[in-house]
Amino acid sequence: MKRFSPRGLSALTLAAMLTLGSTSCMKDLDREPFYGLDTETVYTNPAAQRQVLAKIYGGLVLTGQKTTGDSDTRGDDEGATSYSRLLFKMQELTTDEAAIAWTDGAIQNLNDNTWTSNNNYVLGMYNRIYFQIALANEFIREMSDDKLSGRGITGNDLTNAKLYRNEARFLRALGYYHALDMFGNVPFVTEADAPGKFQPRQISRADLFAYVESELKAIELELLPRAQAEYGRASQAAAQTLLAHLYLNAQVYTGTARNADVITYCNKVIGSGYTLAGRYSDLFGADNDRVANSEIIFPIICDGLRTRSYGGTTFLVHASSGGSLQPAALGVNSGWGGLRARKNLPLAFGLTTPAQATAPADKRAMFFTTRQNLEMASLTTFRDGWAVTKWTNKTSTGADGTDATKEFVDTDIPLFRLADVYLMYAEAVLRGGGGSQATALSYVNQLRRRGYGFPITTANPTSDVASIDLDFILAERMRELYWESHRRTDLIRFGKYTGTAYTWPFKGGPQAGGDVAAFRTLFPIPVADLTANPTLRQNPGY
């Protein structure tokens, strides 16, 4: 299978072709001019068009023009500001699945749900989203039918150009989906807004939902089907999976459930030819692009030689090792002693002792317990909380990744994969969306059989369950999808994120877990953007 490389023209070059003033926060993205290339030169060249598109894809893991030292955005330590790294922090550190031991900036306020509108990581996520949107807007603007015609783009080059434009629309929709999910009512700009310094209007969460829905439905069949799509690029199934996620959370986003639409779009994805990878662990190793690509619908490409940044899986693997867990066991050269599990995660597998964790029946439970405490007495002590070995820079045969220094990791992030679609289908059936109860149960048991090491087509009393309900689905999503940047959204949808009915260590501050106020289902609009654009209104509670 061909693999798409997300390296492309630098943002430095792009900034020479446009004024990145598309949103108020973009004032932080001013760049020195790069001489020798201009808009016409780049967008008249089909190879350069692909490179610019690659830059937008690369924005999900890369931070700038080099590994560090020439960032696309200004602010914190560049290595800590990768889109995918920030997404993990927002979606996992604020939940029952993970905690981090570091004290950089205001990161501990994510751990204990006490962030403010000045939180540097909240600002970092917000800025990364809008940097992606700004790049996509400019690309879409310059790849309009009129401009392609005026530049003499014809034949196969024209076909490719239109495909590139639709992929950029998908990437913009993905950015706006994350803005919708995390920030709610946000600034809104598209290719129709001429670049320059202005104050964009704030769109309501419901209206942004409608926009993302309309964009994805418009491009759904204009993208390539799975069989023709290059690995790493957006396919029809990627758009359909994002639509399924959008509809699954529609009750939260708009107040109106759309579970029948979840069923519709899950069926489209399932019918497009994806199959479960043979082993669960294959999804999270250095050759997952080869041994697990049958399940991966949309990956964030990470490559130890070509996408060197301290985000992506380089962060996930290094930060998971430390203490007695030797980094070499995960295929890297150093352990950063940061990430570990809150006790709710091993408890979801029924694990309470190191002996149980050594050989669990469910092989999805991937923990290291030597000199690690199940109970978390301190957020800043790495040995408090079991270590997690799910993400690794080892291949399916035990070899290390391609970077000889073992600094940068090859493992792609399966942002969307078939197992998630199976669980979305099952949940939507239970929420009254239609579909088949028997099919939903079958999908769940296929995942469990794989987890327990059995053939997915053969019933097995050790792994199989006879019935499912919504509480079971939430727990199964944890068991199947932990540390894949879904958990915060899941807990909110199930009504478990705020309040005191369900707790985890340090929820809301207290070691035993406490209350999180309802307003924290949204992050605040960063104060820096409120200052830059006085027309914006802050989310309630901040």
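- Checked by atom type and distance alone, the side chain of Ser84 never pairs as donor or acceptor with a backbone atom of Val61 at under 3.5 Å.
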- For Lys390 and Glu484, what are the C-alpha separation, side-chain angles and deciding distance, and is it a salt bridge (charged side-chain N to carboxylate O under 4.0 Å, His left out)? CA-CA 10 Å; Lys390 177 172 176 171; Glu484 295 182 51; 2.8 Å; yes

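- No option in Phe315, Phe284, Phe88, Trp391 other than Phe88 meets the ring-ring contact (aromatic ring centres under 6.0 Å, His included) test with Trp483.
- Side-chain rings of Trp386 and Phe368 stay apart, their centers remaining 6.0 Å or farther from each other.
- Contact between Tyr121 and Leu110 at its shortest, heavy atoms only, is CB-CD1, 3.9 Å.
- In summary, Lys394 and Asp400 engage in a salt bridge, as defined by a charged side-chain N under 4.0 Å from a carboxylate O.
- Leu87 and Met182 get closest at one heavy-atom pair: CD1-CE, 3.8 Å.
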- Message: Let's go through Tyr422 and Glu480 carefully: what are the C-alpha distance in whole Å and the side-chain angles of both, what is the deciding distance for side-chain contact (heavy atoms from CB on, under 4.5 Å) to 0.1 Å, and is it a yes or a no?
- Response: CA-CA 11 Å; Tyr422 278 178; Glu480 179 70 27; over 6 Å; no

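- At least one donor-acceptor pair under 3.5 Å links the side chain of Gln356 to the backbone N or O of Thr352.
- A donor-acceptor pair under 3.5 Å links the side-chain atoms of Gln372 to the main chain of Phe382, judged by distance alone.
- Ring-centre distance between Phe183 and His178: not below the 6.0 Å cut-off.
- For the side chain to side chain contact (heavy atoms under 4.5 Å, CB included) test, residues two or more places apart in sequence or in another chain that qualify with Glu215 are Arg169, Arg172, Tyr211.
- Taking the ring centroids of Tyr502 and Phe494, they lie at or beyond the 6.0 Å cut-off.
- No side-chain donor-acceptor contact under 3.5 Å links Arg449 to the backbone of Thr462.
- A donor-acceptor pair under 3.5 Å is absent between the side-chain atoms of Ser235 and the main chain of Arg226, judged by distance alone.
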- Check the pair Val516 / Lys507 against side-chain contact (heavy atoms from CB on, under 4.5 Å), numbers first and verdict last. CA-CA 7 Å; Val516 168; Lys507 178 182 179 180; 3.6 Å; yes

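- With hydrogens and angles disregarded, no donor-acceptor distance shorter than 3.5 Å links the side chain of Glu220 to the backbone of Gln236.
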- Kindly indicate, with the supporting measurements, whether the criterion side chain to side chain donor-acceptor pair (under 3.5 Å) is fulfilled by Ser396 and Asp287. CA-CA 7 Å; Ser396 56; Asp287 58 349; 2.7 Å; yes

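- Checking Val421, Leu276, Ile270 one by one against Tyr443, the side chain to side chain contact (heavy atoms under 4.5 Å, CB included) holds for a single residue, Ile270.
- Residue-environment remark: NZ (Lys343) stays at or below the threshold of 12 foreign heavy atoms within 6.0 Å.
- With contacts defined as side-chain heavy-atom distances shorter than 4.5 Å, the pair Thr256/Gln251 does not qualify.
- Judged purely by atom type and a 3.5 angstrom limit, Gln108 uses its side chain to pair as donor or acceptor with the backbone of Trp102.
- Side chain of Arg364 to backbone of Phe349: no donor-acceptor contact under 3.5 angstrom is found.
- For the pair His318 (side chain) and Ser334 (backbone), a donor-acceptor distance under 3.5 Å is present.
- Checking side-chain atoms of Arg417 against main-chain N and O of Ala292 turns up no donor-acceptor pair under 3.5 Å.
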- Under the side chain to side chain donor-acceptor pair (under 3.5 Å) rule, what do Gln91 and Arg487 come out as? Steps first, then yes or no, please. CA-CA 6 Å; Gln91 291 287 86; Arg487 190 59 175 176; over 6 Å; no

- Task: With side chain to side chain donor-acceptor pair (under 3.5 Å) as the test, would you mind laying out the steps for Asp410 and Thr402 before giving the verdict?
- Result: CA-CA 7 Å; Asp410 282 343; Thr402 57; 2.9 Å; yes

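- Here the rule is side chain to side chain contact (heavy atoms under 4.5 Å, CB included) with Leu242, and of Tyr247, Tyr177, Tyr265, Phe298 only Tyr177 fits it.
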- Could you check Thr489 against Asp181 for side chain to side chain donor-acceptor pair (under 3.5 Å), going step by step and ending with a plain yes or no? CA-CA 7 Å; Thr489 304; Asp181 180 71; 3.0 Å; yes

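- Few gaps surround NZ on Lys268; more than 12 heavy atoms of other groups in view lie less than 6.0 Å from it.
- Between Arg477 and Arg493, the closest heavy-atom pair is NE-NH2, 3.7 Å.
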